[in-house]
Amino acid sequence: MLEKEYYPQKIEKKWLEIWDNENPYKTPNESDKPKFYALSMLPYPSGKLHMGHVRNYTITDVIARFKRAQGYNVLHPMGWDSFGLPADNAATQHNADPKTWTLSNISYMKKQLKMLGLSVDWDREVTTCLPDYYKWTQWLFLQLYKKGLAYKKTAPVNWCEKCATVLANEQVIDGKCWRCDSEVTKKNLSQWFFKITEYSDELLKDLDLLKGWGDNVKTMQYNWIGKSQGSILKFKVKEIDGLEIPVYTTRADTAYGITYLVVAPEYKDIDKLTTPENKAAVEQYRSNAKKLSEIERLSTQRIKTGVPLGTHIINPFTGRVCPIWVADYALVDYGTGAVMAVPYHDERDFDFAKKYNLPMIQVIDGEGFDPNKVYVEKGKLINSAQFDGLDCEEAKKQITQYAHDNGFGEFKTQFRLRDWLISRQRYWGAPIPIVYCPNCGEVAVDEKDLPVLLPTDVDFSVKGKSPIETSPTFRYTTCPKCGAKAVRDMDTMDTFVCSSWYYMRYVDPKNDKECFNRDLINKWLPVDQYVGGIEHAVLHLLYARFFTKALRDCGLLDFDEPFKNLLTQGMVLKDGSKMSKSKGNTVDPDDIYRNFGADTARLFILSDSPPARDFDWTDAGVEGCYKFILRVYRLYSKYQDKINLNYNFEIDKLNKNDEDMVRNTHIAIKKITNDIENEFQFNTVISRYRELTNSIYEYTKDENKINYEVLSFSLLTLLKLISPVCVFMAQEIYCELGAKNSIHLESWPKYDEKLAQNSAVTLVVQVNGKVRDKIDVEANLDNLELEKIAKNSSKVQEFIQGKTIVKTIVVPNKLVNIVAK
RNA sequence: GCCCUGGUGGUGGAAUCGGUAGACACGUCGGACUUAAAAUCCGGUGAGGCUAAUAACUUCGUGCCAGUUCAAGUCUGGCCCAGGGCACCA
């Protein structure tokens with residue numbers, strides 16, 4: 001029996017216990033059904049769930065339930081991205097053990113996730129910080145290492161003082177650390193990199209294959225990879241025989257306008273290029289440049305500085321002798337680290353030339369050229385010998401070709417993307433499985449010796465170095481090759497390495513022989529629907545794509561892209577601004593569960609905005625959803641004795657009132673199904689729930705007119721339609737109505753196209769495009785009849801009086817427009 | 001500067017193909033029920049004009065300006081604003 005009023009807390013508790021024991025969403029790897037892989041970005045176990053999590057996991061869960069009802073074998077797993085800095089910090093601050101801290105957070109958050117009613121197969125749970133997972137992270141590192149995709153080099157790297165570790169380029173946002181927001185400086189260190197640049201072209205090209213990704217994410221990756229087509233031109237140094245300076249340029253067409261050359265302060269040949277007279281000034285300039293942080297370098301954007309080296313290059317096109325300068329507007333790690341300067345046709349060169357009184361030569365002519373201003377537009381070449389008169393684009397080709405033919409140039413494609421720096425000077429991560437042997441040098445740990453376990457005998461209270469270095473046991477080992485005494489690499493891997501392949505482990509999470517079974521991974525992947533935050537557009541989503549391609553080339557899998565469809569959900573705001581602890585406008589999911597139940601939380605978080613847009617959390621909105629749930633429930637508790645699970649009626653024998661109820665139900669099925677299939681518009685789905693509920697209330701207004709077979713059909717259909725969202729209430733009602741199965745295992749309702757429309761429609765009658773009358777007519781009348789009805793309208797008559805009808809447009813079931821002059 | 005996304009009532013938002021702009025809610029106003037309140041149920045609610053307040057009628061209205069069309073929130077061109085990304089990238 002259903003109680004008169006609904007008590008979500010009581011009912012949700014009951015079903016949670018049952019589901020906890022049964023794991024009803026256990027997914028078999030073998031099935032006759034087609035597969036569907038629904039994936040949420042796995043959470044970092046920070047301590048408590050926040051509303052962003054609730055939104056993310058609710059969206060994926062509803063998709064998973066919908067697909068399950070449509071007959072798919074749905075994989076909907078969950079795991080923990082559980083290595084990472086906050087655990088290290090917690091350990092340092094409270095002298096706690098990062099593992100204990102992390103695992104206790106996981107256990108609390110797992111409980112919160114379960115309370116949300118997710119249809120997750122918990123038997124496939126993956127925890128990246130446990131040895132049975134990071135063993136395979138290390139193993140995959142070794143595969144990339146063997147393939148030459150992991151390498152160590154000394155380079156100026158991004159350093160965050162507060163986090164006491166290096167950062168990947170993707171983790172530096174506006175010159176600041178992505179995690180703690182403090183300033184990033186450069187440090188020269190020997191570090192491990194993954195050769196993501198090897199895949200620059202493919203990562204860029206395959207964006208086109210990702211039809212199920214939003215343009216925003218694709219453009220961000222496109223910009224980040226930053227492909228540019230240009231030329232390398234080489235310049236002989238006048239003073240030093242045999243020394244050449246290559247430059248990268250996208251404006252080879254302006255080669256005749258070069259008046260000086262600029263090299264970056266870190267340029268490799270800079271010492272050779274500096275004459276004794278200029279040495280002091282150059283040294284001074286370089287050491288100043290070194291001190292600048294990324295932010296300062298950005299802030300000096302408009303005031304360009306530099307000093308001459310005293311040497312010159314000869315422009316091979318013109319024979320002109322041009323001075324070489326050092327200036328920090330040239331970047332050492334882009335192109336060749338040297339830039340040819342054409343002041344009239346490049347803004348930066350123009351500013352610099354003006355400041356230091358360097359000569360300018362105009363080589364492009366076009367409308368609006370002003371000798372006092374920079375001219376970056378395209379035009380026709382002048383002062384360029386045999387290339388005069390050419391268009392810029394054609395000139396680029398011909399000039400580069402000419403340089404090529406004469407041995408001082410070539411075409412060159414350049415990318416902005418840099419290799420992925422993966423070493424971290426932190427404890428709580430997967431140790432890098434490499435040892436250093438005095439005889440053999442850098443040696444990979446033998447695969448059979450994996451995992452390289454994190455040491456536990458460490459001191460977290462030390463400052464200024466990684467706690468891992470305090471372990472008396474970890475450092476020393478023997479060389480896998482020669483058996484000599486060797487030392488381990490003391491760094492751990494960036495957590496983004498762990499999260500680059502977790503979605504692969506879900507297909508085979510308990511496999512202790514291999515990281516995943518090849519047949520299983522080819523069967524389940526790519527992920528059919530991935531859901532997560534936009535903040536990972538160039539971090540996780542780029543790394544995961546790289547990993548997939550790299551593992552494919554290691555022969556571990558046979559697909560090119562990991563995520564077929566991507567839904568990036570918007571942020572959860574509170575009263576118009578981002579939820580944050582400092583603002584004190586956070587909402588605790590526990591409070592919502594306690595006061596309204598998880599169904600209300602799920603319903604509300606889907607209701608007010610489409611998934612991709614930001615969502616504003618309001619207390620009034622939550623209450624509105626709670627009231628709606630109670631309103632729905634009351635219908636079932638009122639009519640529970642009348643509801644027939646095996647309802648039966650013949651549509652032809654129904655009266656109009658009953659037929660309309662049936663039609664409204666079919667319309668709801670159709671619209672809800674379409675709304676979910678079309679971009680997951682859950683906000684309109686929920687509107688349809690309300691519309692159908694309202695129309696059932698309307699139908700039951702007069703008790704004497706109710707056909708209980710029809711009512712049963714409508715109520716049972718509504719229940720199934722609402723079940724992916726209000727999972728507990730739907731289950732409770734269906735069970736109490738006497739159904740044997742769980743409603744979550746029932747199939748999705750089907751609609752009849754003929755019944756999924758109203759029996760009567762409102763015909764809009766326009767005269768000259770303005771609405772003049774609205775007439776209720778039977779559906780599906782033919783055009784001639786509609787035209788006749790329209791012309792008979794007295795209001796229409798008024799407007800066409802004394803005019804001639806030029807044309808009549810009829811849109812079936814909708815509108816007639818009479819054009820009269 | 002370049003790129004992406006968006007701009008619709010007091011608010012969140014809706015509107016397959018170009019075809020009733022504002023679905024469904026929130027808020028608000030009113031009514032029923034109640035001794036009263038809460039809850040619930042029912043109804044009004046884009047702006048202006050005309051009316052006596054209503055009904056009826058009518059004009060305007062989807063960031064701005066043009067255009068295409070019988071018909072534009074939707075298509076085309078130009079602009080403005082907001083959010084996000086990239087940026088001394090040669």
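Letters A, B, ... mirror the listed sequences (proteins, then strands); counts begin at 1.
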Between the protein and nucleotides 39-45 of chain B, are there any N/O to N/O pairs under 3.5 Å, and if so, what are the atom names and distances?
residue: B:rU40; atom: O3'; partner: A:Arg634; partner atom: NH2; Å: 3.3
residue: B:rC41; atom: OP1; partner: A:Arg631; partner atom: NH1; Å: 2.6

TODO: Quote, to the nearest angstrom, the P distance that separates B:rC75 from B:rU16.
DONE: 12 Å
- [ ] Give A:Phe682 one of three labels, base, sugar-phosphate or nothing, depending on what nucleic acid heavy atoms sit under 4.0 Å from its own.
- [x] nothing
Task: Candidates A:Thr254, A:Thr259, A:Asn315, A:Ile313 - the one meeting side-chain contact (heavy atoms from CB on, under 4.5 Å) with A:Met340 - done: A:Thr254
Task: Atom-pair distance (CD on A:Gln221; C1' on B:rC3), nearest Å - done: 15 Å
Open item on the list: Mind checking if A:Ser687 touches a base, just sugar-phosphate, or nothing, with heavy atoms under 4.0 Å?
Closed with: base
Open item on the list: If you compare every side-chain N and O of A:Tyr329 against the phosphate oxygens of B:rA90 (OP1, OP2), does one of them come in below 4.0 Å?
Closed with: no
TODO: Determine the sole option in A:Val247, A:Asp269, A:Val326 for which the side-chain contact (heavy atoms from CB on, under 4.5 Å) test with A:Val263 is passed.
DONE: A:Val326
Task: Residues which pass ring-ring contact (aromatic ring centres under 6.0 Å, His included) with A:Phe604, listed by chain and number, not counting sequence neighbours - done: A:Phe615, A:Trp617
Task: Spacing of the C1' atoms in B:rA47 and B:rA37 (rounded, Å) - done: 36 Å
Open item on the list: Looking at A:Lys807 and B:rC70, is any side-chain donor or acceptor paired with a base atom of the opposite kind under 3.5 Å?
Closed with: no
Open item on the list: Any base atoms under 4.0 Å from A:Lys412, or only sugar-phosphate, or nothing? Heavy atoms, all strands.
Closed with: nothing
Task: Atom-pair distance (CG on A:Leu573; C1' on B:rG83), nearest Å - done: 11 Å
Open item on the list: Holding to side-chain hydrogen bond (donor to acceptor under 3.5 Å, both in side chains), I want the full list of residues that pass it with A:Ser637, two or more places apart in sequence or in another chain.
Closed with: none
Task: Pairing stems for RNA chain B [at least three consecutive pairs; Watson-Crick or G-U; under 3.5 angstrom] - done: B:1-7 with B:80-86, B:10-12 with B:24-26, B:27-32 with B:40-45, B:46-49 with B:57-60, B:63-67 with B:75-79
Open item on the list: If we count only N and O atoms by modelled type, under 3.5 Å, do the side chains of A:Glu170 and A:Tyr543 hold a donor and an acceptor together?
Closed with: yes
Task: B:rC33: syn or anti, per glycosidic angle within 90° of 0 - done: anti
TODO: Answer with base, sugar-phosphate or nothing: what part of the nucleic acid does A:Lys218 contact at a heavy-atom distance below 4.0 Å?
DONE: nothing
Task: B:rU45 versus B:rC81 - spacing of their P atoms, nearest Å - done: 37 Å
TODO: Between protein and nucleotides 13-20 of chain B, map the contacts as a letter string: B base, S sugar-phosphate only, - none, heavy atoms under 4.0 Å, written 5' to 3'.
DONE: SSS---BB
Task: Between B:rA52 and B:rC60 - C1' atom distance, rounded Å - done: 25 Å
Task: Donor on one side chain, acceptor on other, A:Asp599 and A:Tyr626, under 3.5 Å - done: no
- [ ] Take atom P in B:rC80 and the same atom in B:rC24, then report the distance between them in whole Å.
- [x] 38 Å
- [ ] For A:Asp253 and B:rA90, give me the distance from atom CG to atom P, rounded to whole Å.
- [x] 13 Å
TODO: To the nearest Å, give me how far apart CD1 (A:Ile667) and P (B:rC24) are.
DONE: 13 Å
- [ ] Tell me, please, whether A:Phe799 has A:Arg772 positioned over its six-membered ring: NZ or CZ under 6.0 Å from the ring centre and within 45 degrees of its axis?
- [x] yes
TODO: Quote, to the nearest angstrom, the C1' distance that separates B:rU68 from B:rC86.
DONE: 36 Å
Task: Counterpart residues, side-chain hydrogen bond (donor to acceptor under 3.5 Å, both in side chains), relative to A:Thr197 (two or more places apart) - done: A:Asp419
Open item on the list: Tell me if B:rG9 is syn or anti. Syn = glycosidic torsion within 90° of 0, anti otherwise.
Closed with: syn
- [ ] Quick one: label A:Arg416 by what it contacts on the DNA or RNA (base, sugar-phosphate, nothing), any heavy atom closer than 4.0 Å.
- [x] base
